[in-house]
2 protein chains.
Amino acid sequence: MEKQNVTIYDVARESGVSMATVSRVLNGNSNVRQATKEKVLKVIDDLDYRPNAVARGLASKKTTTVGVIIPDVTDGYFSSLARGIDDIATMYKYNIILANSDDNPDKEASVLNTLLSKQVDGIIFMGNEINDDLRADFKRSDCPIVLAGSVDINNSVPSVNIDYADAVKNETERLIKNGNSRIAFASGSMKQDVNKKYRLKGYVSALENNGIKFNEKLVFETKGTYEDGYDLAEQIINDKVTAAVATNDELAAGILNGMTDRGVSVPQDFELFTSNNTKLAKMMRPQLSSITQPLYDIGAVAMRLLTKIMNKEEIDNRYVVLGYEIVERDSTK
Amino acid sequence: MEKQNVTIYDVARESGVSMATVSRVLNGNSNVRQATKEKVLKVIDDLDYRPNAVARGLASKKTTTVGVIIPDVTDGYFSSLARGIDDIATMYKYNIILANSDDNPDKEASVLNTLLSKQVDGIIFMGNEINDDLRADFKRSDCPIVLAGSVDINNSVPSVNIDYADAVKNETERLIKNGNSRIAFASGSMKQDVNKKYRLKGYVSALENNGIKFNEKLVFETKGTYEDGYDLAEQIINDKVTAAVATNDELAAGILNGMTDRGVSVPQDFELFTSNNTKLAKMMRPQLSSITQPLYDIGAVAMRLLTKIMNKEEIDNRYVVLGYEIVERDSTK
DNA sequence: CTGTTAGCGCCTTCAC
DNA sequence: GTGAAGGCGCTAACAG
């Protein structure tokens, strides 16, 4: 058993043409006579030749791979985005280098670096916090970057999102219409601009529009985990809150179970809206009312946008805002 | 703004040494005087030089990236494995090319091919069905491959798993001890050897060990989705089944909700065990009793095993079987 | 339409 | 300890 050694040179020799010609048929260059093309193709098949993408990358300066930075694949929100990204990437003949960052700035910076050293053609970044360092890295990188389901208040990079503020505003108003006035805002980290600058704002403006005074005590900041939500339920009960908007599904799931396990009936005595409509929302009992984000599409559109940028096509809109809807299931009246 | 052009040659010139020397300090080769080393390092820093991994890969025939084939990142079982894989990969300075296959043989073959053309140093394969074609591809590839949480009855490739048969046997026996005799085996596709050759076998042997006659009618084959489970509940009710073992968590979640929504109380009138203990198991109400697979570890160990193989280290055991436990929560008595 | 010739950026003997 | 030189496998002008 020898190692795979057959190179473009071998197939050139075997088929009695030059490597240039082989390269041409490989790359679908039209300037090849049909006959020669077929001859070469046959040899390629006979020799079981497989072009070396690394050599190709070095010569052409294109690797047909894009980097994807994700906080955690295990998170249903991000993995849904990732799936959309990969599908579109595959469609455009790209592969994906996936790297978990845990939203940790150091890891992000480090990963970004190794991605760049691997000469990826582009990068899709997902992350909840984008700080100045990262923005600077992005700028310096001279590599196409698109944010997917991730917000940069500075709009320093192209991105694909929904209107988070508007969505939360909408949810909150429905809660108000249902007669609630003590509505909690159950949030993941406020270091995240989505939460602090967008969702919270939507929450506040819904309150104001309806003459309800904003009460800082009803804003609960957590790390956004299921456990956080579960524990938070106790506090929510003590604070006599009658409804809540949660910024992500696992947190909401925790709150829901926390309330139910403590004897509160949802939605009769407590209403709850969540924000991502991951699979989880439908699996909970009662099922969670939610903003329905087009998660897969956000990833898909982000990847599509990236291909355009890598391809230097004209871009009409670098800051895509996809539509969302609200589905009322059983956690609201 | 120029493109990044600084190469090893530039830093060689700037620091007044040859590229060979720069290459040496880059690769931690000891045969470099401390003084020169520092000088070079400084220039590297000044020039903001970043070695080109592609060129490096071509020259050294090592890309420090491994391919990961996964049915669907969106699936909690596999994404947990993927997380373990990535963490260990990162620890050993590898990156991961992640590709979704949907368990589709064509996609798997195609992805495998492009992975090989990209000269990955190794591959972690996750998938529920491994057929002869795939085995042949593996064999022909001459590339280290490890299966993670995926079973190959032929043991043609190194793998990391738990003892699925034993685990299901255990669950089933507990159900029997609780007084059940009409126990369903709710399964994903029987084309999958884990289900057909392992889990089902465990189920059957538990029955036999306890003098219960195996009833084929109580084996329900589905595609393993949440919806499948939900629908299946009706049939389960009609068949007067009093307990079930499900082969994966989403399926179990569907069954659970399907039963509950149809007015059956769990675990009083129906007991349920599931098999993967993903996050979901704890989020359901009642919480799902389950086999607790060390998902993250399976991925991590698989990746570690792969590094050893890539590194041509001595391997004591190519077919790792990790321990599992059973946690009884509220879906069983 | 096809062949020739340079590299792409780095590693790796082999001398010195 | 350090430099020179030859590839790695392929693409990309440039000729013809």
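Predicted model, so just to flag it, every value in this text is computed and none were measured. Reckoned from all heavy atoms, side chains included, excluding hydrogens, waters and symmetry mates. Lettering follows sequence order; numbering is per chain, from 1.
With sequence neighbours excluded, the residues forming a side chain to side chain donor-acceptor pair (under 3.5 Å) with B:Ser23 are B:Asn27, listed by chain and number.
Between the side chains of A:Lys118 and B:Thr64, at least one donor-acceptor pair of N or O atoms lies under 3.5 Å. Between B:Arg24 and B:Asn31, the side chains place no donor N or O within less than 3.5 Å of an acceptor N or O (distance only, hydrogens not considered). B:Asp152 and B:Ser156 share a side-chain donor-acceptor pair at under 3.5 Å. Between the side chains of B:Arg83 and B:Ser80, no donor-acceptor pair is found at a separation under 3.5 Å. With hydrogens and angles left out, the side-chain atoms of A:Asp87 and A:Tyr296 include a donor and acceptor closer than 3.5 Å. Remark: the B:Lys93 side chain and the A:Thr114 side chain contain no N/O donor-acceptor pair separated by less than 3.5 Å.
Taking atom CZ of B:Arg13 as the reference point, atom P of C:dG9 lies 13 Å away to the nearest angstrom. One can place CG of A:Asp10 at 9 Å from P of D:dC10, the figure rounded to the nearest angstrom. When the C1' atom of D:dA4 is taken as reference, atom CD1 of B:Ile8 falls 14 Å away, rounded to whole Å. Look at CG on A:Asn52: it is 18 Å from P on C:dC8, rounded to the nearest Å. Taking atom CZ of A:Arg56 as the reference point, atom C1' of D:dC10 lies 8 Å away to the nearest angstrom. Rounding to whole angstrom units, CZ of residue A:Arg33 and P of C:dC1 are separated by 9 Å. Between the CG atom of B:Leu58 and the P atom of C:dT12 there is a distance of 12 Å, given to the nearest Å. What separates OH of B:Tyr9 from P of D:dA4 is a distance of 10 Å, to the nearest Å.
The OG1 atom of A:Thr7 sits 4.0 Å away from atom CG of A:Asp10, with the distance rounded to the nearest 0.5 Å. The OH atom of B:Tyr94 lies 11.0 Å from the CD1 atom of B:Ile124; values are rounded to the nearest 0.5 Å.
Of the side-chain N and O atoms in B:Tyr49, one or more sit less than 4.0 angstrom from OP1 or OP2 of C:dC10. Close to D:dG9, at under 4.0 Å from its OP1 or OP2, lies a side-chain N or O of B:Lys61. Distances shorter than 4.0 Å separate none of the side-chain N or O atoms of A:Thr21 from OP1 or OP2 on C:dT2.
Residues from residues 35-46 of chain B with heavy atoms under 4.0 angstrom of DNA chain D, sorted by number: B:Thr36.
Among the atoms of the strands shown, only primed sugar atoms or phosphate atoms (P, OP1, OP2) are found under 4.0 Å from some heavy atom of A:Val17.
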Polar atom pairs (N or O), protein with nucleotides 12-16 of chain D, under 3.5 Å:
none

